[in-house]
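Here's the structure, in structure tokens; my notes come after.
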Amino acid sequence: MADNATKPLRIAIAGLGTVGAGVIRLLDTNGALIAARAGRAIEVVAVSARDRGKDRGVDIARFAWEDDMIALARRDDVDVVVELVGGSDGPALALSRAALSGGKGLVTANKAMIAHHGLELAEMAEAANAALKFEAAVAGGIPVIKGLREGTSANVITKVYGILNGTCNYILSEMEATGADFAAVLAEAQRLGYAEADPAFDIEGVDAGQKLSILAAIGFGTRIDFPGVRISGITAVRAADIAQADALGFVIRLIGEADVEETSQGPRLLQRVRPCLVAKGHPLSAVDGPTNAVVAEGNFSGRLLFQGPGAGDGPTASAVAADLIDIARDEVGAPFSIPVANLAALPPAEPGHRTERTYLRFMVKDRPGVLAELTAAMRDGDVSIESLIQQGRSSGGGEVMVAMVTHEGREANVTRALGLLEGSGSLTAAPLVLPILPR
Ligand code: NAP
Ligand code: HSE
């Protein structure tokens, strides 16, 4: 410990894309300040990526280069490996296992890997008394892992929810503000470095689900259960839904929510990611662009809101560097706050009995009797309609949009009503179901 204070923390970085190059830029720019705060310098020793010759906007010629990134974990001159490659398995996982099994610290921004293999990696870290840190894996630059692991650690966390994917939030808020087309805004999010290498992970809600599973584990002291997250993304949301939501006084946001429900069979873990209608005036309605916002409710702290840039090179590099500073200060601790052996394994909750208001959108054939068919299904499913809007005929004829807002009622009733419409020849597309976020 004592001689650590005199030695730099020597790191190796695998992955020199948006985040990796951002970390090098940050360490170059703020190196002196970081050394003062960490008590010692943080020094990049070696790097690896696919293409050694690529211009990354930062000078990498001063670092040792490894063609095979696993070699970074075997170097005697490296204390901590920083994994910024991505992917739940493959080279990122092999490198992470090699680093921890060799007793080196590991810092990663890889939520996919943590969601799938975080418990195994945490067990390896605990066994080796090595650091495993992943602040950048959830909500970019927002210190929400630190907030839950440290700031709220004296509380029972009853609920965690919020906006966890910068790309989706950017797409939805840009479509809302400019009327731009989904594909064009997604391309811009990719250009700006917000999206995953495969943006399907963003727009289908998987990335937000991975982050939610990590937050739930830390917040509730439960084992990560990514397969237990119920996920629907934003691909079915149309510009017409955004316009309709606006007319009703709402915006659409992709929301992740998790809580622990006490049932007669014991506690159950609810985790889900869904596009929701958020009333204008609700704090989450004003979260625009790649911004993320996480709400955590603690039994003594009350409701806490963590908000800030959720994607991009600078914010993500900031979170990676904060983890490195913690390690330089010898602040290690259990990666999930509680040792893995003591995390609770909770079965998933069934939310059908929960109540909410819902926006339902149907694309239907423009012919007599269709509206009666929809409302009959709602009646038979015991769903009470608060308002119903049928858009005027489109000039091409043939298809019209019918939007409904329901009164508060059981989720299972909406599922039952939609089941009654399954296979109906009147529908031209699958109905869209968007819950209305309570205030
Ligand atoms: P990226 O720009 O695509 O960079 C990935 C880097 O990994 C590239 O340098 C690439 O090398 C290297 N790489 C990929 N496959 C490799 C392989 N098989 N062998 C060797 N190197 C390989 O990705 P990123 O946006 O920086 O994201 C990195 C990680 O951070 C991911 O886990 C992501 O989920 C996470 N993250 C990203 C953000 C964000 O806003 N971008 C925010 C939070 C977390 P080449 O450059 O030579 O091709
Ligand atoms: N693709 C992710 C997002 C990056 O858009 O939120 C940050 O984790």
Side-chain angles (χ1 to χ4, degrees), residues 12-25 47-58 60 65-72 82-96 106-117 134-142 144-145 162-173 185-186 188-212 214-215 233-234 254 256 273 287 289-294 308-320 323:
I13 302 179
L16 299 170
T18 303
V19 185
V23 169
I24 293 174
R25 209 164 17 253
V47 295
S48 178
R50 263 183 306 228
D51 177 358
R52 187 173 188 174
K54 197 191 257 186
D55 177 8
R56 302 173 186 281
V58 287
I60 57 163
W65 173 272
E66 298 284 2
D67 283 325
D68 171 12
M69 68 170 87
I70 310 293
L72 296 175
V82 183
E83 183 282 303
L84 302 172
V85 173
S88 60
D89 293 77
L93 181 61
L95 172 67
S96 301
L106 178 72
V107 173
T108 178
N110 188 338
K111 51 274 164 128
M113 181 177 73
I114 296 297
H116 286 274
H117 303 288
F134 43 84
E135 181 65 69
V138 181
I142 308 174
V144 66
I145 301 277
I163 294 171
L164 299 172
N165 184 269
T167 302
C168 287
N169 209 61
Y170 179 76
I171 292 172
L172 292 170
S173 57
V185 194
L186 170 58
E188 184 61 3
Q190 289 178 278
R191 194 188 65 76
L192 291 166
Y194 305 151
E196 295 303 300
D198 177 356
F201 282 88
D202 295 292
I203 61 178
E204 289 173 4
V206 176
D207 175 85
Q210 291 165 341
K211 292 167 177 166
L212 185 72
I214 298 169
L215 288 179
I234 63 166
L254 185 71
V273 171
V287 177
T291 307
N292 284 187
V294 182
D313 58 347
T316 313
S318 160
V320 170
D323 280 347

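Whatever order the structure lists them in is the order used to number ligands and atoms, beginning at 1.
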query = Is the shortest distance from atom 26 (O) of ligand 1 to a protein heavy atom below 4.0 Å?
reply = yes

ask   = Quick check: does Leu16 get an N/O under 3.5 Å from an N/O on ligand 1?
value = yes

task = For atom 32 (O) of ligand 1, grab the closest protein heavy atom and report residue, atom and distance to one decimal in Å.
result = Gly86 CA, 3.2 Å

Any N/O pair Asp313/ligand 1 closer than 3.5 Å = no

remark   = Min over Gly166, Gly312, Ala109 of heavy-atom distance to atom 35 (C) of ligand 1 lands on Ala109

inquiry  = If we only consider heavy atoms of Arg52, is any one of them less than 4.0 Å away from an atom in ligand 1?
reply    = no

Residue portion contacting ligand 1 (non-hydrogen atoms closer than 4.0 Å) for Pro315 = neither

message = So, regarding Gly140 and ligand 1 (criterion: nitrogen or oxygen to nitrogen or oxygen, under 3.5 Å), is there a contact or not?
response = no

request  = Check whether any N or O atom of Gly310, backbone or side chain, sits under 3.5 Å from an N or O atom of ligand 1, and answer yes or no.
outcome  = no

remark   = Within the 4.0 Å heavy-atom cut-off, what Pro91 brings close to ligand 1 is side chain

request  = Please report the closest heavy-atom contact between Ala189 and Tyr170, naming both atoms and the distance.
outcome  = CB-CD2, 3.8 Å

message = Below 4.0 Å from ligand 2: does a non-hydrogen atom of Gly140 turn up there or not?
response = no

ask   = For Ala311, is at least one N or O under 3.5 Å away from an N or O on ligand 2?
value = no

ask   = Considering only heavy atoms, does Lys111 approach ligand 1 within less than 4.0 Å through its side chain, its backbone, both, or neither?
value = side chain

key: Side chain, backbone, both or neither: the part of Leu84 lying under 4.0 Å from ligand 1 by heavy atom   = backbone

ask   = Can we say Glu66 and Arg52 salt-bridge, meaning some charged N sits less than 4.0 Å from an Asp/Glu carboxylate O?
value = no

key: atom 3 (O) of ligand 1 within contact range, any protein heavy atom under 4.0 Å   = no

inquiry  = Side chain, backbone, both or neither: which applies to Ala189 and ligand 2 if a contact is any heavy-atom pair less than 4.0 Å apart?
reply    = neither

inquiry  = Does ligand 1 come near enough to Gly15 that some N or O of the ligand is less than 3.5 Å from an N or O of the residue?
reply    = no

message = Given Val320, Asp51, Thr108, Val23, identify the one with the heavy atom nearest to atom 47 (O) of ligand 1.
response = Asp51

remark   = protein heavy-atom neighbour closest to atom 6 (O) of ligand 2 works out as Gly166 N, 2.7 Å

note = Atoms of ligand 2 under 4.0 Å from any heavy atom of Lys111, numbered from 1 in the order shown, are 2 (C), 4 (C), 7 (C), 8 (O)

ask   = Are any of the N/O atoms in Gly193 less than 3.5 Å from those in ligand 1?
value = yes

note = Note: heavy atom closest to atom 16 (C) of ligand 1, options Ile70, Val19, Val85, Thr167, belongs to Val85

ask   = Considering only protein heavy atoms, which is closest to atom 11 (O) of ligand 1, and at what distance to one decimal place?
value = Arg50 N, 3.2 Å

